[in-house]
Structure formats: structure tokens, C-alpha cells
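First up is the structure itself, then whatever we jot down about it.
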Amino acid sequence: MLDLMKSSALTLVLTAGAALAQDAITLGMVLEPPNLDPTSGAAAAVDEVVYANVFEGLTRIGPDGAILPGLAQSWDVEEDGRVYLFHLAEGVTFHDGAGFDASDVVFTLDRARAEDSTNAQKVLFEGIERVEAVNPHTVRVTLSAPDGNFPFKMSWGDAVMVDPASVGQIATHPIGTGPFKFSEWRQGDRVVLTGFDGYWGDKPALREATFRFISDPTAAYAALMAGDVNAFPNYPAPETLPQIEADPRFKVIVGTTEGEVILAMNNGKAPLDNVNVRKAIAHAINRQDIIDGAMFGYGTPIGSHFAPHNPDYVDLTGKSAFDPDQSRALLAEAGAGGLSLRLALPPPTYARRGGEIVAAQLRAVGIDTQITNMEWAQWLETVFKGGDFDLTIVAHTEPMDIDIYAREDYYFHYAKPEFVTLINQLNETVNAEQRSALLRQAQEMIADDYVNAFLFQLAKTGVADARIEGLWANSPNQSNDLTGVRWTE
């Protein structure tokens, strides 16, 4: 009887210990970040680790895409959107113990908009004319023109607040104000974050988070089955999802992302400077075949550069519906028979698999393509920066980025003057209803001009241990926000 009591007591202790230990999580990621500084690079993997976890901005993006208070608890809009007065949270400290106040906001924003800034999204800060510390907990930002979108711009990972004293080592040892602090980076393997005891806000349930980098889909599946990772928020092997869904140990989380997958066209050179040629290409594409063949059925067709989950989305897929006969007629009208185009494909599955399908669909209407598979560095240098391409397939994952079509030097070379005027008007508009109307006009204009062939919105297909809750179903930005994640038992 005594031995049985000892055994029961030991079981209770072990069970309690297991319950207490459920404050750590290991997440799988496909790509390893090149550094851990969200204010200097364009790689989405940086934000996947540090956004909302290590670093915080004046505002932040919520799971539904809403703009929420961050280090600024509230803000006032003055002079019709030209002046923003941010009221900062009090009692905030950086992970190195330094206090956070208005002077850090001035430093961060001035650094981001400086002439020698390496910020990948300097355009977010171009409208700033002056940043002033009114008092330790109030910052006034004066813009060169009204900007109703400024709180949204301040929610990007590129606009997080940085510690002036440690900014020199931010790429390898980031120090922010978030609920987790940087602990370790084993390059090629993992990044480890631990809970920050001095966090100013509500402390998360988790005390440790490990991000494991597993690029191979087969290895990702094996790691999940073995319990080496607890969740894969962006799972790279959709072909195994039916097996995972049938396993009661796991759950599959399907949502949407900000990733518009497009067949981008070089509008700046013949023959793609002809709208009829671009329209012919758009009508040659069967979106559902690409979604089924490249993404195993996961994805939402789009007809413009806008996320379907956004309340201002307009379904314009009908403007470029699959119609190969119309495609052939348009090519004949444009005198573009026997057309041959180059198709550059970066590494992601949606591009490589999707590119083969697109090439076959174009071939069916008389357009030949020469496919070139490129690594990311080559694609960024040749296509994105150099503009040396005809066609390419890529997902644009930045939230609400329709304004890229107004940039003269952007790689698909559109920047129609009427569209530029429309975006300038949008930027100067504060009224929500007026902004919605302008966003709808912008979607329709680029759809009518067939700037690109708009394919589908990337689905967010995540997998997780069934006992984990709080992982975001959708991806309104590029983060893995762990502030609301917990184990249920």
C-alpha cells in the first residue's frame, strides 16, 4: 500500500511538472533570417522572429489587420492629418535596462529617414518633416503633407523602436522593448527568445520560444511528427496536410496572408508595353489550375493587387477570366503572333511549380516562354533591382502595398500619372469612407490596365500541436506574434 502511495505521489509530481513546463514552444520556419534587424532588411523572416516579440512600434497590427496601440497608447491627429501627437506608455524599458521615452522615438524615426539609412522601406518615412519630443511621454510628428495612413505605416516592422545604445549590434543581438528578449542564435539551426521580466505590458503565457529553421518539406514533416517542433505557422509541405489533419495530435490552421502572387510583367519594354498583349496574357491564365497544381488547392483567386480579407477588397477576377480564345484574338490584334518571352522564377514553391503551369497555359495560346530558375540573390539583383526580365512570378507579402504601382522606378515600370495622382490623393486623405473609395478606384485602375496578371492570394497553412492556442490563423503582416499563444494543458 505504501509503495502504491509513493507511486501515485510521484505520478502527481511528474504530471504537475509537465504542466508547469508547458511555457515553452518550438516553432518551425522555412527560411532563416539573414540578420535580426527589422529596420535594415527586406527579408520577411526577420519579422517572423522579432516583430511584437522582441521589438515594438508606436502602433501594431492585430490578427485581423486592425491598427492597434503599441508603445503609443493613443494619438491625436491635427491639421487635417499633417500632425500626429503620440502619447507614449509609461514605465517602458529596453531589455538592457535603459528607459524608453520620447527621445528614443525621435532617434528611431530620424535614423530611419536619414539620407544614409539602410531601411528597406524608407518610403514609409519620406513624408516626415520633423519629429519632436514635447515631453518624455509625448512625441509630435509633423508631415510635409496630410497622411491618413501614417498610423498604419508606423505599425510595420521597419518602424519598430530601437535602443540608441545598442543599435550598433542590432543585427546579431537585438534589444527591444517587447515581452521576449534575445537569448541565442545558432546560425543554420535556431534562434531562442526568453521572457523579459521587466516587460511593461501584459506578460505572455510563454516564457521561452525557439525558432527552428527547416527549409526541406520532408524534414519539416518529420520534425513535426517527432515532436522536434510544436508548430509550423507557415508549413512548407501542403501535400501532407490531409495526413496531419487526420492525426488527433495536431490541428491544421488555414487562413489568408498579405501575399499577392502575381505574374509580373515588364510594362516598360515592348511587347509588354502594349495593354492588349498584357490583357492577352491575363486571359490565358487559369488561376484555379495554378492553385490546384502548385498549392494543392490552397489559395484564393485575385483580380487586382489587394488582399481578399481586407474590407476594401473588390473582386475583379472577372475582368481577367480564363478565356484562351479572347487571348488569341488580342494577340492577333496587337500583331504579336509567335511571341517569345523570358520567365524568371525565384525559389519558392508557388513560383517554381506555378511557373511550369503558367508556361504551359501561355504556350496554349501561342506564347513561348524561356524559363530561368533563379536563387533569391540573383532574382533580387537581376529582376527586382535591375528590371532585366519579361515575366516573373512572385508573392508581394507587404500589407496594403498597392502604392508600389505609383513608384516610377519599381520593377514592373507602371506609374501611370493618373494612378500616381490617385495614390497621392489617398495619402492625403484622413476620412475612412473617402479612403475606402480611393482604394477601390486604385484596384480597378490597375486591373483595367492589366499591369500584371493577378493570380492568387497565398493561403496561410499552418500546423500545430492540438493543445496550442493563440497562433494567428491569418497573416496581416509577416510576424509570428507570440503574445497570445499558450498551451491548453
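The structure displayed is predicted, hence computed values, not measured ones.
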Could you go step by step and tell me if Thr39 and Phe55 meet the side chain to side chain contact (heavy atoms under 4.5 Å, CB included) rule? CA-CA 10 Å; Thr39 68; Phe55 290 107; over 6 Å; no
Decide yes or no on salt bridge (charged side-chain N to carboxylate O under 4.0 Å, His left out) for Asp409 and Lys385, but give the supporting numbers first. CA-CA 9 Å; Asp409 58 349; Lys385 292 181 181 178; over 6 Å; no
Please walk me through it: do Lys153 and Phe125 pass side chain to side chain contact (heavy atoms under 4.5 Å, CB included)? CA-CA 8 Å; Lys153 292 177 178 178; Phe125 313 97; over 6 Å; no
Determine, stepwise, if the pair Leu343 / Leu263 fulfils side chain to side chain contact (heavy atoms under 4.5 Å, CB included). CA-CA 9 Å; Leu343 175 58; Leu263 175 63; 3.9 Å; yes
Begin from the C-alpha positions of Val105 and Phe100 and carry the test side chain to side chain contact (heavy atoms under 4.5 Å, CB included) through to its verdict. CA-CA 9 Å; Val105 179; Phe100 167 80; 3.7 Å; yes
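Distance alone, capped at 3.5 Å, places no donor-acceptor pair between the Thr194 side chain and the Ser183 backbone. Put simply, the side chain of Asp390 gets close to the backbone of Arg342: a donor and an acceptor are under 3.5 Å apart. A donor-acceptor pair is defined here as one N or O able to donate and one able to accept, closer than 3.5 Å; no such pair exists between the side chain of Ser117 and the backbone of Arg113. When atom types are taken as modelled, the side chain of Ser155 and the backbone of Ile67 share no donor-acceptor pair closer than 3.5 angstrom. With Asp401 contributing its side chain and Ile404 its backbone, the two residues share no donor-acceptor pair below 3.5 Å. Arg278 places a side-chain N or O within donor-acceptor distance of the main-chain N or O of Leu272, the cut-off being under 3.5 Å. Not a single donor-acceptor pair under 3.5 Å links the side chain of Ser304 to the backbone N or O of Glu444. With hydrogens and angles ignored, the 3.5 Å screen pairs a side-chain donor or acceptor of Lys251 with a backbone N or O of Ile468. In this structure a side-chain-to-backbone donor-acceptor pair under 3.5 Å is present from Thr108 to Val162.
Judged purely by distance below 3.5 Å, without hydrogens or angles, the side chains of Glu469 and Thr488 never pair a donor atom with an acceptor atom. With no hydrogens or angles considered, no side-chain donor-acceptor pair links Tyr405 and Asn267 at under 3.5 Å. Side-chain N/O atoms of His309 and Glu258 include a donor and acceptor closer than 3.5 Å. Looking only at atom types and distance, the side chain of Asp312 has a donor-acceptor partner in the side chain of Ser436 under 3.5 Å away. Between the side chains of Asn477 and Ser479, at least one donor N or O lies within less than 3.5 Å of an accepting N or O. Between the side chains of Asn286 and Gln288, no donor-acceptor pair of N or O atoms lies under 3.5 Å. Judged purely by distance below 3.5 Å, without hydrogens or angles, the side chains of Arg435 and Asn149 pair a donor atom with an acceptor atom.
Side-chain atoms of Trp156 and Met400, non-hydrogen and from C-beta on, never get closer than 4.5 Å to each other. Taking the side chain as every heavy atom from C-beta outward, Ile244 and Tyr221 approach each other to under 4.5 Å. Under the 4.5 Å side-chain criterion, counting only non-hydrogen atoms from C-beta, Ser320 is not in contact with Phe454. Counting heavy atoms from C-beta on, the side chains of Tyr450 and Met265 never come closer than 4.5 Å. Between Ile25 and Glu208, the closest side-chain pair of non-hydrogen atoms is not below 4.5 Å. In this structure, Thr172 and Phe182 have side chains that are not in contact, with every pair of non-hydrogen atoms separated by 4.5 Å or more. Annotation: side chain of Thr369 is not in contact with side chain of Glu356 (no heavy-atom distance under 4.5 Å). Side-chain contact between Glu90 and Gln73 is absent, with no heavy-atom pair separated by less than 4.5 Å.
Annotation for Asn53 and Glu48: closest pair ND2-O, 4.5 Å, computed over non-hydrogen atoms. Considering every non-hydrogen atom in both Arg287 and Thr317, the closest pair reads NH1-O, 3.5 Å. Nearest heavy atom pair, residue Asn266 against residue Gly387, reads ND2-O, 3.1 Å. The nearest pair of heavy atoms linking Ala284 to Leu362 is CB-CD2, 3.9 Å. What you find for Thr26 and Asp228 is that their closest heavy atoms are CG2-O, 3.4 Å. Contact detail for Pro38 and Gly157: the closest heavy-atom pair is CB-O, 3.5 Å.
From Leu482, atom CG reaches atom CG of Leu206 across 6.0 Å, with rounding to the nearest 0.5 Å. A distance of 12.5 Å separates CD1 in Ile285 from CG in Asp323, rounded to the nearest 0.5 Å. For the atom pair CZ (Arg111) and CE (Met161), the distance works out to 10.5 Å, reported to the nearest 0.5 Å. How far NE2 of His173 is from CG of Leu36: 10.5 Å, rounded to the nearest 0.5 Å. Note: Trp379 CH2 to Thr372 OG1 = 14.0 Å, rounded to the nearest 0.5 Å.
Using cut-offs of 30° and 60° on the angle between ring planes, the pair Tyr411 and Phe384 is tilted. Using a 30° and 60° split on the angle between ring planes, His396 and Tyr410 fall in the tilted class, from 30° to 60°. Note on ring orientation: taking the six-membered ring where Trp is involved, the planes of Phe150 and Tyr84 are tilted (angle from 30° to 60°).
Enclosure of atom CZ in Arg407 by more than 12 non-hydrogen atoms of other residues, nucleotides or ligands within 6.0 angstrom is indicated. For NZ of Lys181, the number of neighbouring non-hydrogen atoms (other residues, nucleotides, ligands) closer than 6.0 Å is 12 at most.
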